[in-house]
Number of protein chains: 2
Amino acid sequence: MSETTRALRSDAERTVRTILEAAERVLSKNPAASMEQIAEAAGVARTTVHRRFASRDALVDAMAGWATKQFAAAVEAAHPETTPPLVALYQVTANVLRVKIDWGFAMSRALSSDPEVGRVHAEVEARCDRLFRGAQAAGVLRADVDPDWARRVYYALIHEAAQSHDGDADTLATRLVDTLLRGLGTGKGLA
Amino acid sequence: MSETTRALRSDAERTVRTILEAAERVLSKNPAASMEQIAEAAGVARTTVHRRFASRDALVDAMAGWATKQFAAAVEAAHPETTPPLVALYQVTANVLRVKIDWGFAMSRALSSDPEVGRVHAEVEARCDRLFRGAQAAGVLRADVDPDWARRVYYALIHEAAQSHDGDADTLATRLVDTLLRGLGTGKGLA
DNA sequence: CGAACTTGCGTCATCGGTGTTGCAAGTTGT
DNA sequence: ACAACTTGCAACACCGATGACGCAAGTTCG
């Protein structure tokens, strides 16, 4: 690869990133926004967007692909398999929140035309279930909770926490894990 | 009003209900569905839909209006102000779930062109906060939880439970309230 | 039967978003 | 300066959804 090509490709990739970020910003506020609005938010002409992404679907797919990579990396970085369940739960939560806060729309596109995206999401889901089983074995998680319900509650709380405009990922993760495990009640008056 | 007029209006209103229900069914699966698809699901011609609802927005607004009425009624029926907090929490949850399971899309349209819809949603939100304050006073809810976070967690759990395909509203409400108050943890190893 | 009304069907115009192309102007590296 | 490349801009064709008609056929009454 020549120096020229490398420099030019670098520019091109910077433009791509700018567009992806603008698309996330716009589409998270209005999923039906037009390419025109996305281009405007990115500070480029609409034709430029079409040069980088053949179609609207291709753009959304690219967003999903990028976000999914970040998502998988966030989970991986917490080493949920080789860390005590409670610690892993906290680390995974904080890491995922960091990604989801900035890529909420893209991450919600688990169904992409790219089968790889679906695969990764399924894999993360499996790791989540494994983490929860480990937590049950360690006595952190109740043994009588439906695994499916547990995962859905966890995902819902992450989704909700990511919408918060206040606090950093660590603070949010602390509150989230606390709520997930202890709930919001005092424990009095309940069986 | 003559008997004739009453009978005719009755027919018209039945058609309207059919369309609203079909729209909910279709739009909950695909928010971008066309009027054609909605009409097909309702078993009527597209022109008929346009006769009843001047525009697409008008249809969605009507859905939001109808769902909001049901929503408010569901909350009201639980008498959250004159019932012990824990009982009220359960009743409200079960009643709202019954509505939300069938009108998930319409209920998510809290922002309607009809200001009345927004007003009702705001009012319900206020009642929710009042219920939570009552629960705190009764020692059911922890006193140190952020009221805003508590309400958002509650809404998120309702949203999630409404997606469940198994179990009736009462079963779902039981599990939901249990999760909300006790969380999913054992209580061991946490401060 | 006739009146009032609604529905389905076909048709039409319109509009906005999408995707493509050609070209002039600008930037970047050699 | 030259070459390679990218961008903005204007223009274009295309398509699907929307919304408005009129009209014939159907119904539910009195």
Side-chain angles (χ1 to χ4, degrees), chain A residues 1-64 105-106 109 112-114, chain B residues 1-64 105-106 109 112-114:
Chain A
M1 181 192 307
S2 71
E3 288 296 322
T4 300
T5 305
R6 185 184 305 160
L8 291 171
R9 167 172 295 184
S10 172
D11 271 16
E13 286 179 353
R14 202 172 304 128
T15 305
V16 167
R17 278 286 295 276
T18 304
I19 293 173
L20 288 178
E21 288 166 4
E24 167 61 37
R25 238 176 301 135
V26 173
L27 292 178
S28 64
K29 287 191 177 179
N30 173 23
S34 68
M35 298 290 273
E36 180 71 55
Q37 294 173 271
I38 295 171
E40 188 189 349
V44 299
R46 185 173 64 92
T47 44
T48 301
V49 179
H50 276 106
R51 281 197 193 92
R52 299 301 179 183
F53 305 97
S55 68
R56 189 179 220 281
D57 283 342
L59 170 59
V60 175
D61 280 353
M63 294 172 67
F105 172 83
R109 307 284 105 176
S112 169
S113 70
D114 182 3
Chain B
M1 182 194 303
S2 70
E3 288 297 323
T4 300
T5 305
R6 186 185 303 162
L8 292 170
R9 168 172 294 183
S10 173
D11 271 15
E13 287 178 353
R14 202 172 304 127
T15 306
V16 167
R17 278 287 295 276
T18 305
I19 293 172
L20 287 179
E21 288 166 4
E24 167 61 37
R25 237 176 303 134
V26 173
L27 292 178
S28 65
K29 286 192 178 180
N30 173 23
S34 67
M35 298 290 273
E36 181 71 52
Q37 293 172 272
I38 296 172
E40 188 188 351
V44 300
R46 187 173 64 91
T47 45
T48 301
V49 179
H50 276 105
R51 281 196 193 94
R52 299 301 178 183
F53 305 97
S55 69
R56 190 179 219 281
D57 283 343
L59 171 58
V60 176
D61 280 353
M63 294 171 69
F105 171 82
R109 308 282 105 176
S112 167
S113 70
D114 182 3

Looking only at the side chain of [X] (C-beta and beyond, no hydrogens), which of the listed nucleotides [options] gets closest?
| X | options | value |
| --- | --- | --- |
| H50(A) | dA17(D), dT7(D), dT20(C) | dT20(C) |
| V44(A) | dT7(C), dG8(D), dG19(C) | dG8(D) |
| S34(A) | dT18(C), dG8(D), dG19(D) | dT18(C) |

Looking only at heavy atoms, which two atoms of A64(B) and R109(B) are closest? And how far apart? CB-O, 3.8 Å
Return the minimal non-hydrogen interatomic distance between A41(B) and V26(B), and the atom names on each side.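 Looks like CB-CG2, 3.4 Å.
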OP1 or OP2 of dG8(D) under 4.0 Å from side-chain N/O of T48(A): yes
T15(B) vs dT6(C): side-chain N/O to OP1/OP2 distance below 4.0 Å: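 Negative; the distance criterion is not met.
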Take atom [atom1] of [X] and atom [atom2] of [N], then tell me their distance rounded to the nearest Å.
| X | N | atom1 | atom2 | value |
| --- | --- | --- | --- | --- |
| E36(A) | dC9(D) | CD | P | 10 Å |
| R14(A) | dT6(D) | CZ | P | 13 Å |
| R52(B) | dG19(D) | CZ | P | 17 Å |
| L59(A) | dG17(C) | CG | C1' | 14 Å |
| F53(B) | dT7(C) | CZ | P | 11 Å |
| N30(B) | dA17(D) | CG | P | 11 Å |
| L27(B) | dA17(D) | CG | P | 13 Å |

Ignoring hydrogens and angles, answer whether the base of [N] and the side-chain atoms of [X] contain a donor-acceptor pair closer than 3.5 Å.
| X | N | result |
| --- | --- | --- |
| R51(A) | dG19(C) | no |
| R56(A) | dG19(C) | no |
| R46(B) | dG8(C) | no |

Would you check if the side chain of T48(A) reaches a backbone N or O of V44(A) as a donor-acceptor pair within less than 3.5 Å? no
Do any N or O atoms from the side chain of E24(A) and from the backbone of F105(A) form a donor-acceptor pair under 3.5 angstrom?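 Pair found, side chain donor or acceptor close to backbone of F105(A).
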Give one of base, sugar-phosphate or nothing for T47(B), where a contact means two heavy atoms less than 4.0 Å apart. base
Quick one: do E21(B) and R17(B) make a salt bridge, cutoff under 4.0 Å? yes
